[in-house]
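Before any comments, here is the structure.
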Amino acid sequence: MRRDGVVPNAYTFSSVLGACGTPGVLAAMHASTVKVGLDSDVFVRSSLIDAYMKLGDLDGGRGVFDEMVTGDLVVWNSIIGGFAQSGDGAGAIELFVRMKDAGFSANQGTLTSVLRACTGMVMLEVGRQVHAHVLKYEKDLILHNALLDMYCKCGGLQDADALFRRMLQRDVISWSTMISGLAQNGRSIEALRLFDLMKSEGVAPNHITLVGVLFACSHAGLVEDGWHYFKSMEKLFGIRPEREHHNCMVDLLGRAGKLDEAVEFIHEMSLDPDSVIWRTLLGACRMHKNANLAAYAAREILKLEPDDQGARVLLSNTYADLRQWTDAEKSWKAMKDRGMKKEPGRSWIELEKQVHVFIAGDLSHPFSDSIVQELNRLIGRINALGYVPQTEFVLQDLTIEQKEDLLKYHSEKLAIAFGTMRAMEGKPIRIMKNLRICGDCHAFAKLVSKSEGKAIIIRDPVRFHHFQDGACSCGDYW
DNA sequence: GTAGGGTTAG
C-alpha cells in the first residue's frame, strides 16, 4: 500500500496497530502515525495504547495516554484495561478515579477492567461497589463473568454463589469460573457436583473447565477421581489432555505423597516435561521432605531455566528442612553469586477501602507499635490454646529465639494482628499473600480465629484458606 | 459498506 503511494488513514492504522507483534514494528508504526498527523485521532490513540500494553510496555502505553490532547471513553478504557491486565491493579483503580473526575462515566468495558483490578488486589469492598453499577448491564455476560470471578477470588463465595444462580445467561466461562472458585476455596466436592450439573444442563466443558476439575481433585486429595477425569476427558468431552492437565496430575499425585507415581507419570507422558511440571514436582518433594527427588527436580528446572530463582529457593529450603545446612548454604550462595534474592513475603489487607501492605520482618508500618502489642496479645491468648511456634518453618540456621522472632513477624501475622485491631465487628478479616502460607502461620490463623471468634480468609497465589473456630477450609491439606 | 477497549487456569 505504501509502495503504491497510498496514504494510510485512521482506519488503516487502528486496524494494523493491533497486529504489531514486536516493539520495533510498533515503534515504526507509531512514528508513521505521527508523520501523517494521525496520532491524536482517538481511534488511533486507543489502538496505540492497546498495542503497547499488549507488548508489556506499560510506559509506552502510558506515554501515549499522557499526551492526551484528545480522548474519549475508549481511550480511557484502553489504558485502564492495560494496567488491569498487566497486574497493576492499583494503577488501574487510580486511573479509574481520574477518569471519573474528568467527567466520563464508566461503561461495561471500564467496569470489567476495574473488576479485574479489584480481583488482583482482593478489594472485595470496592468490588461490591462496582457490582452496584453492573446491575444496569444485566445482559452483559463478560461483565458478569468478571464480577463472578471477582467474588470467587476475593473469597466472597456466598456472593459468587448468589450471583451465579441469578445470572440471566451462563456460558462455559461462567461455569468454569464457579467450579474453579469453589475448588480454590476448599469446596472441591461442591465443585465436582457443579461440574455434573453443568454437564446435565448440556453445557460442553472446555480445557479450562477440566483444569478446574482436576484442581478440585488435587486440592482435596481425590486421587481416584482425578485419574478418572484425566483418563476419560478425551473420550467423554473430546478434550485432549494438555500441559496444564498433566501438571494437575503431577500435583494431584505429588500432593498426596505419591512421589514415585508422579515421577513415573512425568517420564511416561507424551509431552516433554517443562519447567512448570518440574516445579510442581519440586513443590511436592518439599511438602513431603524428599530431598533427593527435590534436587533432581530442581536440576531439571535449572537445565531449562538457569536463572530460575524459585528452583534455587525451593532447593535451598529443602536442604534447610532436612537440616543439611552446608548444602543449604551452598545453594543460597549460588543464588547470591547469580545476583538473585528471595522474594520477601508480603501480605495485603483492605480496610476502609484502603490497602495496607505488610512485609515480613518489616516494622515500618505507621501503626507498628500497636500491631506488635496486638500480636503479643494474640500470642498470649493462643498460647493458652496450645500454640507452640513451629520454628522448623524458619529456613535458616539460627538460635531458637532468633527463629521465633523471624516467625513472629511473618507478613500474614502482622496483617492478621492489624486485622483483629481494626476489622469491623462480624466481618471476616481478608488477607492476600504473594507467597504460600507457612505451616506456623496456618496454625496461628486457626487458633486466632478461635480465640477471637473471628473468621480469617487468606488468599495465597493458588488457593484460599478460610479459618473459623480453630479450623481451616483446606482441612490442613494444601 | 470500513476502526479502538473487557471474561475463564497456573
Side-chain angles (χ1 to χ4, degrees), chain A residues 8-19 33 38 41-54 61 64-65 70-85 92 95-96 99 104 106-117 119 130 134 137 140-153 160 164 167 169-181 183-184 191 198 203 205-216 218-219 239 242-248 250-251 274-277 279-280 283 310 436 460-463:
Chain A
N9 64 10
Y11 286 81
T12 331
F13 279 119
S14 51
S15 304
V16 167
L17 277 165
T33 66
L38 281 172
D41 177 273
V42 285
F43 282 82
V44 173
R45 187 175 284 276
S46 60
S47 307
L48 269 172
I49 294 172
D50 190 48
Y52 276 109
M53 293 310 210
K54 287 216 167 95
V64 174
F65 177 78
T70 47
D72 68 355
L73 185 58
V74 179
V75 173
W76 277 102
N77 287 352
S78 304
I79 192 80
I80 293 172
F83 271 73
Q85 276 173 49
L95 283 159
F96 174 57
M99 180 191 110
F104 289 94
N107 69 1
Q108 294 108 303
T110 331
L111 296 175
T112 309
S113 296
V114 171
L115 281 172
R116 181 164 173 162
T119 309
V130 177
V134 172
Y137 301 112
D140 192 316
L141 189 51
I142 295 182
L143 180 53
H144 277 76
N145 285 343
L147 184 63
L148 186 64
D149 187 43
M150 185 280 292
Y151 279 129
C152 286
K153 294 240 174 59
F164 184 75
M167 278 166 67
Q169 317 128 283
R170 296 177 208 119
D171 62 0
V172 61
I173 295 181
S174 328
W175 287 95
S176 307
T177 304
M178 197 65 218
I179 289 170
S180 303
Q184 288 173 326
M198 172 182 180
V203 183
N206 64 16
H207 75 280
I208 294 175
T209 321
L210 265 299
V211 172
V213 169
L214 294 175
F215 183 95
S218 85
H219 283 258
I239 300 163
E242 291 167 43
R243 227 161 242 303
E244 296 87 336
H245 307 105
H246 287 82
N247 192 41
C248 285
V250 174
D251 191 48
D274 63 357
S275 61
V276 178
I277 296 258
R279 210 170 287 127
T280 303
R436 304 211 67 178
D460 75 15
V462 261
R463 67 171 300 157

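Here the structure is a predicted model, which is why all the values come from computation and not from measurement. Labels below follow one simple rule: chain letters A, B, ... track the order of the sequence lines, proteins then strands, and each chain is numbered from 1. Values reported hereafter were calculated over all heavy atoms of this structure, with side chains retained and with hydrogens, waters and symmetry mates removed.
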**Phosphate OP1/OP2 of B:dT8 contacted by A:Arg116 side-chain N/O (<4.0 Å)** = yes

**Request:** Tell me what A:Ala10 touches on the nucleic acid: a base, only sugar-phosphate, or nothing, going by heavy atoms under 4.0 Å.
**Result:** base

**Fill in**
Minimal heavy-atom distance between A:Val134 and A:Leu115, with the atoms involved, is CG2-CD1, 4.2 Å

**Asked** What is the nucleic acid contact for A:Leu143, judged by heavy atoms within less than 4.0 Å: base, sugar-phosphate only, or nothing?
**Response** base

**Request:** Would you classify A:Phe215 as touching base, sugar-phosphate or nothing, given that sugar-phosphate means primed atoms plus P, OP1 and OP2, and contacts are heavy atoms under 4.0 Å?
**Result:** sugar-phosphate

**Message:** Whole angstroms only, please: what is the CG-P distance between A:Asp50 and B:dA3?
**Reply:** 16 Å

**Message:** Heavy atoms only, 4.0 Å cut-off, all strands: where does A:Val172 land among base, sugar-phosphate and nothing?
**Reply:** nothing

**Asked** Does A:Asp140 get its side chain close enough to the base of B:dG6, under 3.5 Å, for a donor-acceptor pair?
**Response** yes

**Message:** Heavy atoms from C-beta onward define the side chain here; which of B:dT8, B:dG4, B:dT7 lies closest to that of A:Asn145?
**Reply:** B:dT7

**Request:** Using distance alone, with no hydrogens and no angle criterion, decide if A:Asn247 and A:Asp274 have a side-chain donor and acceptor under 3.5 Å apart.
**Result:** no

**Fill in**
Separation of B:dG6 atom P from A:Ile173 atom CD1, nearest Å, is 13 Å

**Item:** A:Ser180, nearest nucleotide to its side chain (from B:dG10, B:dA9, B:dT8)
**Value:** B:dA9

**Item:** Listed nucleotide nearest any side-chain atom of A:Gln85, set B:dG4, B:dG10, B:dT7
**Value:** B:dT7

**Asked** Taking the side chain from A:His245 and the backbone from A:His207, do they hold a donor-acceptor pair closer than 3.5 Å?
**Response** yes

**Asked** Please give, in whole Å, the distance from B:dG10 C1' to A:Ile208 CD1?
**Response** 11 Å

**Message:** So A:Ser15, base contact, sugar-phosphate only, or nothing? Heavy-atom distance under 4.0 Å.
**Reply:** sugar-phosphate

**Prompt:** Is A:Glu242 touching bases, backbone alone, or none of the nucleic acid, heavy atoms closer than 4.0 Å?
**Reply:** nothing

**Asked** Below 4.0 angstrom from OP1 or OP2 of B:dT7, is there any side-chain N or O of A:Gln108?
**Response** no

**Fill in**
When rounded to whole Å, the OH to C1' distance for the pair A:Tyr11 and B:dG1 reads 10 Å

**Item:** Whole-Å gap separating P (B:dT8) and CD1 (A:Ile239)
**Value:** 19 Å

**Request:** Output yes when at least one side-chain N/O atom of A:Lys153 is less than 4.0 Å from OP1 or OP2 of B:dA9, else no.
**Result:** yes

**Item:** Length of the CG-C1' vector between A:Leu214 and B:dT8, whole Å
**Value:** 15 Å

**Asked** Does a donor on one side chain and an acceptor on the other come within less than 3.5 Å for A:Asp149 and A:Thr119?
**Response** no

**Prompt:** Between B:dG4, B:dA9, B:dT7, which nucleotide has the shortest distance from any of its atoms to the side chain of A:Glu244?
**Reply:** B:dA9

**Request:** Go through B:dT7, B:dA9, B:dG4 for me and flag the one nearest to the A:Val211 side chain.
**Result:** B:dA9

**Prompt:** Contact class for A:Asn107 vs. all strands (heavy atom < 4.0 Å): base, sugar-phosphate, or nothing?
**Reply:** base

**Rounded distance (Å) that lies between atom P of B:dG4 and atom OH of A:Tyr52** = 19 Å

**Request:** Could you pull out the closest heavy-atom pair between A:Asn107 and A:Tyr137, with the gap in Å?
**Result:** CA-OH, 3.5 Å

**Message:** Minimum heavy-atom separation for A:Ile80 and A:Ala92, please, with both atom names.
**Reply:** O-CB, 3.8 Å

**Item:** Distance-only donor-acceptor test, A:Ser47 side-chain atoms vs B:dG4 base atoms, 3.5 Å
**Value:** no

**Request:** Please report, rounded to the nearest Å, how far the P atom of B:dG10 is from the CG atom of A:Leu210.
**Result:** 13 Å

